[in-house]
K.L.:
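Input: one structure, supplied below.
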2 protein chains.
Amino acid sequence: MQTDSLLKRNGLSVTESRKKILQLFLEGSGALAHGDIEKKAGEKFDRVTVYRTLQTFVDKGIIHTIPSADNSIRYALCKDECSEGHHHDHHIHFECSICHTTYCLDDVVTPQINLPKGYVAGHVEVVVEGVCKNCK
Amino acid sequence: MQTDSLLKRNGLSVTESRKKILQLFLEGSGALAHGDIEKKAGEKFDRVTVYRTLQTFVDKGIIHTIPSADNSIRYALCKDECSEGHHHDHHIHFECSICHTTYCLDDVVTPQINLPKGYVAGHVEVVVEGVCKNCK
DNA sequence: TTTCTTTTGCAACAACGTTGCTTTTTTATA
DNA sequence: TATAAAAAAGCAACGTTGTTGCAAAAGAAA
């Protein structure tokens, strides 16, 4: 099973909730917010478990967070380069203003930004809002 | 008074709370989260008033929101080009990972992003995380 | 000043997120 | 495969954040 090996590879014990939540990320195309997961998991798990599982996955580099301007952080699967305590999500994110799906555009890398003197750049987040290919 | 005319120019009645909150934005350099405002306004206003005032300011194009990955939207003053229902904040934002101040870098415009076929870009948000000039 | 309109504050509530602790599940090991 | 140790889940309780309806207060207009 795909989920089992992914969990084991990251040094996590294999539990029902972790498998289920990971499955949701693997089968869906878009990013998921905490609320989406609670709904899709079908009242099967406690809210607390969902919070803790998401946190664990972020810590292990299995998923990453996507910033938003509406106070609802979304999460999406990381590609292979991520590992514990070290995210490498150099791609940009796209939010469809019609269907509200959030996509990781893995092939579009974040641009180089020229900052004013004195500022040192670390991580760059780019979120593009617009209309996705399914909603045109 | 600066605040009064700014409010009037935007068709808003001049009230104590609006003046005070606007003042906070005018005198500070960084962006403010709802919580910051509640603290700085010194228990003078009801939480609800702060929420409603911020919403009103956003609607009128006086302030704009800055997305974040930590569930705490920040707000900052718009430049003159913004108006009701029409924000023009084409600048990028910078979050210092040491002092946690969020700056609007008004002179750095958002880059052009090449999206995959089928995606139509609307607004582009760029948030750079790093070390600011005061914390180096 | 008086009237009308807008905004504020309050109360109540709903959603979101966290923590400590007990029970259950998973893992490791015999 | 049975058992002990470790890890995770569930539960309850709580604090914070954000929303709504309505009465009281403040601001605008005349």
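Per chain, numbering begins at 1; letters A, B, ... match sequence-line order.
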K.L.:
How do B:K8 and B:R52 order along DNA chain D: which one's closest nucleotide is nearer the 5' end?
P.N.:
B:R52

K.L.:
Please determine, by modelled atom types, if A:H123 and A:E125 share a side-chain donor-acceptor pair under 3.5 angstrom.
P.N.:
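Side chains of A:H123 and A:E125: pair found under 3.5 Å.
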
K.L.:
Can you tell me how far C1' of D:dA9 sits from CD of A:Q55, to the nearest Å?
P.N.:
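That distance rounds to 17 Å.
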
K.L.:
Got B:V131 and A:Y119 here, is their nearest side-chain heavy-atom distance under 4.5 Å?
P.N.:
no

K.L.:
Side chain of B:F45 only, heavy atoms from C-beta on: which candidate in C:dT6, C:dG17, C:dG9 is closest?
P.N.:
C:dG9

K.L.:
Just one of A:T56, A:L54, A:N10 clears the side-chain contact (heavy atoms from CB on, under 4.5 Å) bar with A:I62, so which one?
P.N.:
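By the side-chain contact (heavy atoms from CB on, under 4.5 Å) criterion, A:I62 pairs with just one of A:T56, A:L54, A:N10: A:N10.
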
K.L.:
If you take any heavy atom closer than 4.0 Å to DNA chain C, which residues from residues 30-39 of chain B end up in contact?
P.N.:
none

K.L.:
Roughly, in whole Å, what's the span from CG in B:L7 to P in C:dT8?
P.N.:
10 Å

K.L.:
Measure CG/A:N10 against P/D:dA8 and give the value in whole Å, please.
P.N.:
13 Å

K.L.:
Out of C:dT7, D:dA9, D:dG18, which has the shortest distance to the side chain of B:Y51?
P.N.:
D:dG18

K.L.:
Side-chain contact, heavy-atom cut-off 4.5 Å: A:P67 with A:I73?
P.N.:
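The answer is no; the side chains never approach within 4.5 Å.
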
K.L.:
For DNA chain D, what residues of residues 56-75 of chain A have any heavy atom nearer than 4.0 Å?
P.N.:
A:N71

K.L.:
How many whole angstroms separate atom CG of B:L12 from atom P of C:dT5?
P.N.:
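Distance check: B:L12 CG to C:dT5 P gives 18 Å.
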
K.L.:
Rounding to an integer number of Å, can you tell me how far A:L22 CG sits from D:dA8 P?
P.N.:
15 Å

K.L.:
With a 4.5 Å limit on heavy-atom distance, are the side chains of A:F25 and A:I37 in contact?
P.N.:
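Yes, their side chains come closer than 4.5 Å.
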
K.L.:
Can you tell me which nucleotide in D:dA9, C:dT8, D:dA28 comes closest to the side chain of A:R18?
P.N.:
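Closest nucleotide to the A:R18 side chain: D:dA9.
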
K.L.:
With the side chain of A:V14 defined as its heavy atoms from C-beta on, choose the nearest nucleotide among C:dT8, C:dT27, D:dG18.
P.N.:
C:dT27

K.L.:
So A:Y103 and A:F94, would you call those rings parallel, tilted or perpendicular, with 30° and 60° as cut-offs?
P.N.:
tilted

K.L.:
Quick check for you: among C:dT26, C:dG9, C:dT7, whose closest atom lies nearest to any side-chain atom of B:T15?
P.N.:
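My answer, after comparing the listed nucleotides, is C:dT7.
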
K.L.:
To the nearest Å, how far apart are A:E16 CD and C:dT27 P?
P.N.:
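Those two atoms, CD and P, are 11 Å apart.
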
K.L.:
Can you check the A:D46 CG to D:dA13 P distance for me, whole Å?
P.N.:
14 Å

K.L.:
For B:K40, is the NZ atom crowded, meaning more than 12 foreign heavy atoms sit under 6.0 Å from it?
P.N.:
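Counting neighbours around NZ of B:K40, 12 or fewer heavy atoms of other residues, nucleotides or ligands fall under 6.0 Å, so no.
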
K.L.:
May I ask you to check whether over 12 heavy atoms, not counting those of A:Q112, lie within 6.0 Å of atom CD?
P.N.:
no

K.L.:
Take the protein atom NZ of B:K19 and the nucleotide atom C1' of D:dG27, then report the distance between them rounded to whole Å.
P.N.:
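It is 11 Å, rounded to the nearest whole Å.
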
K.L.:
Taking the side chain of A:V48 as heavy atoms from C-beta outward, which of D:dC11, C:dT26, C:dC10 is closest to it?
P.N.:
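The closest nucleotide is D:dC11.
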
K.L.:
From C-beta outward on A:R47, which listed nucleotide comes closest to its side chain: C:dC16, C:dT8, D:dA9?
P.N.:
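Nearest to the side-chain atoms of A:R47, counting from C-beta on, is C:dC16.
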
K.L.:
Measure from the side chain of A:S13, starting at C-beta and using heavy atoms only, and say which of C:dT8, C:dT19, D:dA8 lies closest.
P.N.:
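Among C:dT8, C:dT19, D:dA8, the one nearest the side chain of A:S13 is D:dA8.
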
K.L.:
Just so I know, are the side chains of A:H64 and A:H93 near enough to count as touching, which here means a heavy-atom distance under 4.5 Å?
P.N.:
yes

